[in-house]
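Below, read A as the first sequence line, B as the second, and so on, with proteins coming before strands; counting in each chain starts at 1.
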Amino acid sequence: MSTPDKSSTEQMEKIVSLCKRRGFIYPSSEIYDGCGGVWDYGPLGAELKRNLRTAWWTAMTRLRDDIVGLDASILMNPAIWKASGHVDTFADLMRECQLTNKRVRADHVEPQSGTVLAYTGAQNANGWKTNRAFSALLKNGEHIESFRKRLRQLLAQNAGDAAGKPEEIELLGEEKTGEVTDSIDFHPETGGALGAARPFNLMLRTYLGPTATEDDVAYLRPETAQAIFAQFKNVLDSSRVKVPFGICQIGKAFRNEVTPKNFTFRSREFEQMELEFFIKPDEAIEIIHGSVAAWSEDADLSEPQPNWGWDLWHRYWVQERTRFYESIGLGSDVIEYYWQTQEDLAHYARACVDILFKFPFGTDELEGIAARGDFDLSQHQKHSRKILEFFDEELKNAAKNLSDESKEAMVQKRLAAEQAKGETGLSEAEVRAWFERLFAGHYLPHVIEPSAGLDRMALAILCAAFDQFEKADAKGKSETFTVLRFHPRVAPIKVGVFPLLKNKPDLVAKAREVYALLKPHLSCFYDETAAIGRRYARQDEVGTPYAVTIDFETLGEQGDDLKDTVTLRHRDSGQQERVKISDLLPRLLLAVS
RNA sequence: GCGGGUGUAGCUCAGUGGUAGAGCACUUCCUUGCCAAGGAAGAUGUCGCGCGUUCGAAUCGCGUCACCCGCUCCA
């Protein structure tokens with residue numbers, strides 16, 4: 001992620017301000033001084049979000065026949081979060097560096113040796129001063145001056161502009177307080193002394209039932225995906241789906257973020273749109289089709305093929321999601337990709353691609369598309385002690401025709417791969433047991449997980465659409481105009497309907513007629529106040545792509561040719577055309593669908 | 001949580017101890033002939049909140065809350 005500069009911060013402030021002023025996004029609980037890290041969507045924001053939600057749901061379910069939907073509860077049995085690993089990884093003990101407030105996991109501190117130096121504070125000649133005492137570790141072999149220089153740099157970095165340049169900072173009351181050997185009380189990078197270990201729980205806790213004891217603890221889900229895994233068996237048994245297929249879900253998730261920031265980008269309550277797409281393990285593909293299709297630069301990813309393994313399915317979903325972003329106006333000019341390296345990847349993930357958007361505050365993640373193997377289902381199978389396997393008849397029949405030698409070759413190949421993993425690899429007994437189930441047609445599907453943030457998507461749409469330009473007004477004075485250039489599909493209001501003048505009852509009556517015609521089918525806005533130019537400008541500012549104006553020609557003043565025609569004005573070009581009222585609805589519906 | 005910054009009308013901001021202001025927006029009326037038009041009138045504030053200093057606080061002090069920028073993240 002790139003660092004934001006001043007102008008991009010200003011750009012962001014303008015967007016935040018517009019969002020509040022025009023009813024897209026408000027700070028939550030503002031009349032009570034707000035509530036950190038949560039936001040409310042106003043009338044236009046609610047429409048925008050709903051349009052995005054509908055676009056995603058349509059693309060995932062209605063336009064495909066291999067994905068079904070789910071709408072699971074936010075509260076679930078806490079055992080789910082033990083199985084998924086969230087209880088452990090979201091509740092680490094953290095320690096904080098006194099010097100920089102950088103945090104480290106308490107169990108990740110390397111032992112260090114050296115001399116401990118304590119300070120009473122720091123100051124500079126410009127009047128900046130801190131009385132916070134701190135101490136730091138002078139590592140064995142480190143020169144005292146380079147050590148002090150480092151402290152000054154860290155202090156300056158942490159104190160911001162007020163502390164001025166690092167070299168102007170004076171360290172106060174230096175005192176040698178002792179020698180330590182193999183101490184885990186100093187930050188590995190900064191050398192600053194670490195404070196006491198504190199629990200750091202990212203999951204929001206609550207209690208189920210009225211007694212509110214420790215036995216009643218439950219969590220607000222930190223992601224929606226786990227509900228899909230937990231309901232995998234029910235969906236399988238009730239909807240006649242066959243691998244490969246997907247289950248998708250839209251819903252709220254909650255994380256106790258330490259530092260919510262960048263407007264709605266990192267919030268404590270947010271909405272996710274997640275798909276778990278279940279596929280056959282590569283070994284099953286190999287048994288059925290002889291081999292797994294290999295990816296190459298010119299591979300055709302447009303139509304899924306039966307011999308695709310996880311790699312092609314993963315790449316397919318990256319492409320599908322890219323096409324989705326294009327369809328809502330986020331094209332290659334604002335989208336970037338980050339393919340995670342082996343070091344980035346969680347131990348259970350095989351590959352993960354982040355789809356990033358160029359926000360004013362930096363290029364940051366909209367969606368992650370992970371190939372997660374069978375980790376989640378196997379965890380839930382283990383913890384719930386319920387069989388979550390899929391029975392694949394085609395696989396069973398294909399395996400029957402396999403010779404014992406080819407079966408053993410597959411086992412040996414897998415054994416070698418597991419051995420290469422070292423300690424995390426499966427034992428020979430485990431591998432043989434797994435293949436025994438596989439040859440009988442049973443397996444836990446592997447999964448490709450495209451997981452998108454709805455609030456982030458809405459924010460990206462707003463940032464991409466935001467445009468300001470200067471234009472001279474009637475008096476020649478330069479004024480700033482704001483336009484949200486939304487794709488018509490996502491725009492909260494599709495069309496504005498205006499009588500040219502409001503003091504002519506015939507114009508007003510006709511305009512209301514047109515409004516009534518469009519209103520049941522499209523999100524419309526009727527406006528008869530102020531001058532026509534101002535009304536156009538108001539709608540530009542909230543991104544309304546079309547405006548319809550009823551004038552004297554509509555009433556037949558210029559003859560029958562123009563009677564019952566209106567002006568259709570296009571937001572981005574400002575161009576106008578005459579359209580028959582009877583053609584209006586089909587024209588507009590086509591343009592916004 | 002720590003450091004820095006900010007908090008005055010719906011918005012953008014001015015106001016350094018002495019009667020709370022401007023521009024835009026808004027409401028009503030008149031006018032209106034396609035891109036923030038003109039005229040008239042009008043409404044709008046616990047100066048983020050609390051406590052203190054003072055004859056007197058938007059202004060000074062302390063506390064507190066929220067937001068922004070950095071530090072931990074990955075929807």
Quick one: is [X] getting a side-chain N or O under 4.0 Å of the [N] phosphate, OP1 or OP2?
| X | N | answer |
| --- | --- | --- |
| A/Arg534 | B/A25 | yes |
| A/Arg255 | B/A75 | yes |
| A/Arg538 | B/C26 | yes |
| A/Lys502 | B/U32 | no |
| A/Ser17 | B/U12 | yes |

| Stacking of A/Phe270 on B/A75 base (centres under 5.5 Å, planes under 30°) | yes
Sort out the partner of [N] for me: Watson-Crick or G-U wobble, both distances under 3.5 Å, none otherwise.
| N | result |
| --- | --- |
| B/G42 | B/C26 |
| B/G33 | none |
| B/U54 | none |
| B/G1 | B/C71 |
| B/A9 | none |
| B/A14 | none |

Could you tell me how far [M] sits from [N] if I compare only their [atom1] atoms? Round to whole Å.
| N | M | atom1 | value |
| --- | --- | --- | --- |
| B/C74 | B/C35 | C1' | 44 Å |
| B/U59 | B/C51 | P | 13 Å |
| B/U12 | B/C69 | P | 15 Å |
| B/C67 | B/A58 | P | 26 Å |

| Quick one: on RNA chain B, does A/Leu501 or A/Gly453 contact a more 5' nucleotide (nearest heavy atom)? |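 Whichever sits nearer the 5' end wins; that is A/Leu501.
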Contact list (N/O, under 3.5 angstrom) for nucleotides 45-50 of chain B vs protein:
none

Could you check how far [atom1] of [X] sits from [atom2] of [N], rounded to whole Å?
| X | N | atom1 | atom2 | result |
| --- | --- | --- | --- | --- |
| A/Asn262 | B/C67 | CG | C1' | 13 Å |
| A/Leu500 | B/U31 | CG | P | 16 Å |
| A/Glu367 | B/C73 | CD | P | 22 Å |

| request: Would you verify whether the NZ or CZ of A/Arg321 falls within 45 degrees of the ring axis of A/Tyr325 while also being under 6.0 Å from that six-membered ring's centre? | output: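 Yes, A/Arg321 and A/Tyr325 form such a contact.
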With a 3.5 Å cut-off and heavy atoms only, can you find an N or O donor on one side and an acceptor on the other between the side chain of [X] and the base of [N]?
| X | N | result |
| --- | --- | --- |
| A/Arg266 | B/C74 | no |
| A/Glu553 | B/G33 | no |
| A/Thr567 | B/C34 | yes |

| note | Output for pair (A/Glu223 CD, A/Gln249 CD), nearest 0.5 Å, gives 10.5 Å
| request: Kindly assign one of parallel, tilted or perpendicular to the pair A/Phe469 and A/Phe481, based on the angle between their ring planes and the thresholds 30° and 60°. | output: parallel
Do any side-chain atoms of residues 507-514 of chain A form donor-acceptor pairs under 3.5 angstrom with protein atoms, and if so which ones, sequence neighbours left out?
{"from": "A/Lys510", "atom 1": "NZ", "to": "A/Glu513", "atom 2": "OE2", "distance (Å)": "3.2"}
{"from": "A/Lys510", "atom 1": "NZ", "to": "A/Asp564", "atom 2": "OD1", "distance (Å)": "3.0"}

| Quick one: do A/Lys49 and A/Asp455 make a salt bridge, cutoff under 4.0 Å? |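 Looking at A/Lys49 and A/Asp455, the cut-off is met.
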| Using 4.0 Å as the upper bound for N to carboxylate O, is an ion pair formed by A/Asp551 and A/Arg578? | yes
| said: Taking the ring centre of each residue, are A/Phe359 and A/Phe265 less than 6.0 Å apart? | reply: yes
| field | Heavy-atom pair with the smallest gap, counting every atom of A/Cys19 and A/Leu462 | value | SG-CD1, 3.7 Å
